[in-house]
2 protein chains.
Amino acid sequence: MSDEAPWLDDEEMAAWLPLIGLVMRLPGALDQSLRRDVGLSHFEYGVLVVLEHAEDQTMRMSDLAYLCNGSLSRLSHVARRLEKDGLLRRSACPTDGRSTLAALTDGGREVLKRAAPGHVRTVRSLIFDELSREEAKVLGDLAKRIVARIQAA
Amino acid sequence: MSDEAPWLDDEEMAAWLPLIGLVMRLPGALDQSLRRDVGLSHFEYGVLVVLEHAEDQTMRMSDLAYLCNGSLSRLSHVARRLEKDGLLRRSACPTDGRSTLAALTDGGREVLKRAAPGHVRTVRSLIFDELSREEAKVLGDLAKRIVARIQAA
DNA sequence: CTTCACTACTTGATACATCAAGCAACCCGA
DNA sequence: TCGGGTTGCTTGATGTATCAAGTAGTGAAG
């Protein structure tokens, strides 16, 4: 691993600064349009989207947290708010008393339907209108490898 | 711009999901090691680093905010905390009464010196140990173009 | 020289993320 | 079957981000 160089050289810096810019600015940009359109943060929206694609639109909290790139604690707080707003319902897991199952409600489906078009428009205009298909694929692959590193750490 | 397609296709999705994973997980990973080593968030650390490289280690708040990828309001709150801890000093700008100048203090320089080695080690182990020089350059270029889009919006 | 719009920044309220602690349920070996 | 360790989740406290509103300085038109 990382043989103790004192600092990043110019080439590394030229890659690092824009990457920092990206990870600091993209979440805010995504939040903004979703917040305006349907009053959800991007994380909340992501929770609902993941649920939407799950079997029976239902999933264990910890699996959901993992797929949403968040901690279980964060998800638990968010789930409480979403449940209060009727977008999601929690119930005890019948096969494991420790687990909680989160399920999408009709209200949640409805919100997703309202949110999707605007969100897709945002994502396209920020990412896929700028990048060729090949470039997008490269970006995804590089991102995937870095995420794997983060998870390993 | 963005001709109304209803949702992302499989290829786009395969790029989008890891990218989201990256922007959601990297900030936390960076925060963690800095918080442990010197009790600073990555944003706070970034503020000090930018100041360190500025002329006279001094900069107007709004320029600083821009370079740190944050809002002026966010920087203002952070600057208050950093000033309280003696890492930074604010003073009135002599040539424009509206502006505030932020300057790095000895304490700030000292903290940077303590924080840098561990931070560099983290960044290397997450990014530059994983990527070839060529890949890092590509990633930086793609990130830069997306950031430009975000700023334009 | 005054007014009006704009820029630079700060502040306070609210909402959110994070961390540590806690509580059950489960699992497994003795 | 009981004890200790682990897993899954929740909660409460604390700190931080965000938004809207406010203050004050500036520049420029009339």
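What you see below is based on every heavy atom in this structure, not just the backbone, and it leaves out hydrogens, waters and symmetry mates. Naming: A, B, ... by sequence-line order, numbering from 1 per chain. Just so it is clear, the structure is predicted and the values come from calculations on it, not from any experiment.
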Side-chain donor-acceptor pairs under 3.5 Å in residues 43-52 of chain B, sequence neighbours left out?
unit_1, atom_1, unit_2, atom_2, d
B:Glu44, OE1, B:Ser41, N, 2.7
B:Glu44, OE1, B:Ser41, OG, 3.3

### Any donor-acceptor N/O pair, A:Thr58 side chain to A:Asp56 backbone, under 3.5 Å
yes

### Query
Is there a donor-acceptor pair under 3.5 Å between the side chain of B:Glu110 and the backbone N or O of B:Gly107?
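Side chain of B:Glu110 to backbone of B:Gly107: no pair is present.
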
### Query
Between B:Arg98 and B:Arg81, which is nearer to the 5' end of DNA chain D once each is assigned its nearest nucleotide?
B:Arg81

## Note on the structure
By nearest-heavy-atom nucleotide on DNA chain D, the more 5' of B:Thr95 and A:Met61 is A:Met61

### Message
What is the first contacted nucleotide of DNA chain D and what is the last, in 5' to 3' order, if contact means an atom lying under 4.0 angstrom from a heavy atom of chain A?
### Response
D:dT7 to D:dG12

### Task
Compare every heavy atom of A:Leu101 with every heavy atom of A:Ala92, then report the nearest pair and how far apart it is.
O-CD1, 4.3 Å

#### Entry: For the student: nearest non-hydrogen atoms of A:Val147 and B:Leu22, plus distance
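So the minimum-distance heavy-atom pair works out to CG2-N, 3.4 Å.
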
Salt-bridged, [X] to [Y], with N to O below 4.0 Å?
X        : Y        : result
B:Asp9   : A:Arg133 : yes
A:Lys144 : A:Asp141 : no
A:Asp85  : A:Arg81  : no
B:Arg109 : B:Asp106 : yes

### Query
Going by the salt bridge (charged side-chain N to carboxylate O under 4.0 Å, His left out) test, which pairs reach into residues 87-96 of chain A, not counting sequence neighbours?
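Sorted result for residues 87-96 of chain A: A:Glu83-A:Arg90, A:Asp96-A:Arg98.
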
### Task
Could you tell me how the ring of B:Trp16 sits relative to the ring of A:His42: parallel (under 30°), tilted (30 to 60°) or perpendicular (over 60°)?
perpendicular

### Message
Return whichever of A:Pro94 or A:Gly39 has its heavy-atom-nearest nucleotide of DNA chain C closer to the 5' end.
### Response
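It is A:Gly39 whose nearest nucleotide is closer to the 5' end.
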
### Summary
5'-most to 3'-most nt of DNA chain C touching chain A (<4.0 Å, heavy-atom partner on protein side) reads C:dC16 to C:dC26

#### Entry: CG-CD distance between A:Asp37 and A:Gln32, expressed to the nearest 0.5 angstrom
11.0 Å

### Query
Cation-pi between B:Arg25 and A:Tyr66: NZ/CZ under 6.0 Å from ring centre and within 45° of the ring axis?
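Yes - B:Arg25 lies over the ring of A:Tyr66, closer than 6.0 Å to its centre and within 45° of its axis.
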
### Query
Through what angle, rounded to 10 degrees, does the axis of the helix from C:dC1-D:dG30 to C:dA30-D:dT1 turn between its ends, using five pairs per end?
20°

### Query
With sugar-phosphate meaning primed atoms plus P, OP1 and OP2, does B:Asp96 contact a base, only sugar-phosphate, or nothing at under 4.0 Å between heavy atoms?
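Contact class for B:Asp96: sugar-phosphate only.
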
### Task
Go through residues 62-76 of chain A and report each residue with a non-hydrogen atom lying under 4.0 Å from DNA chain D, sorted by number.
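A:Ser62, A:Leu72, A:Ser73, A:Ser76 - these, ordered by number, are the residues of the stretch whose heavy atoms sit under 4.0 Å from the strand.
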
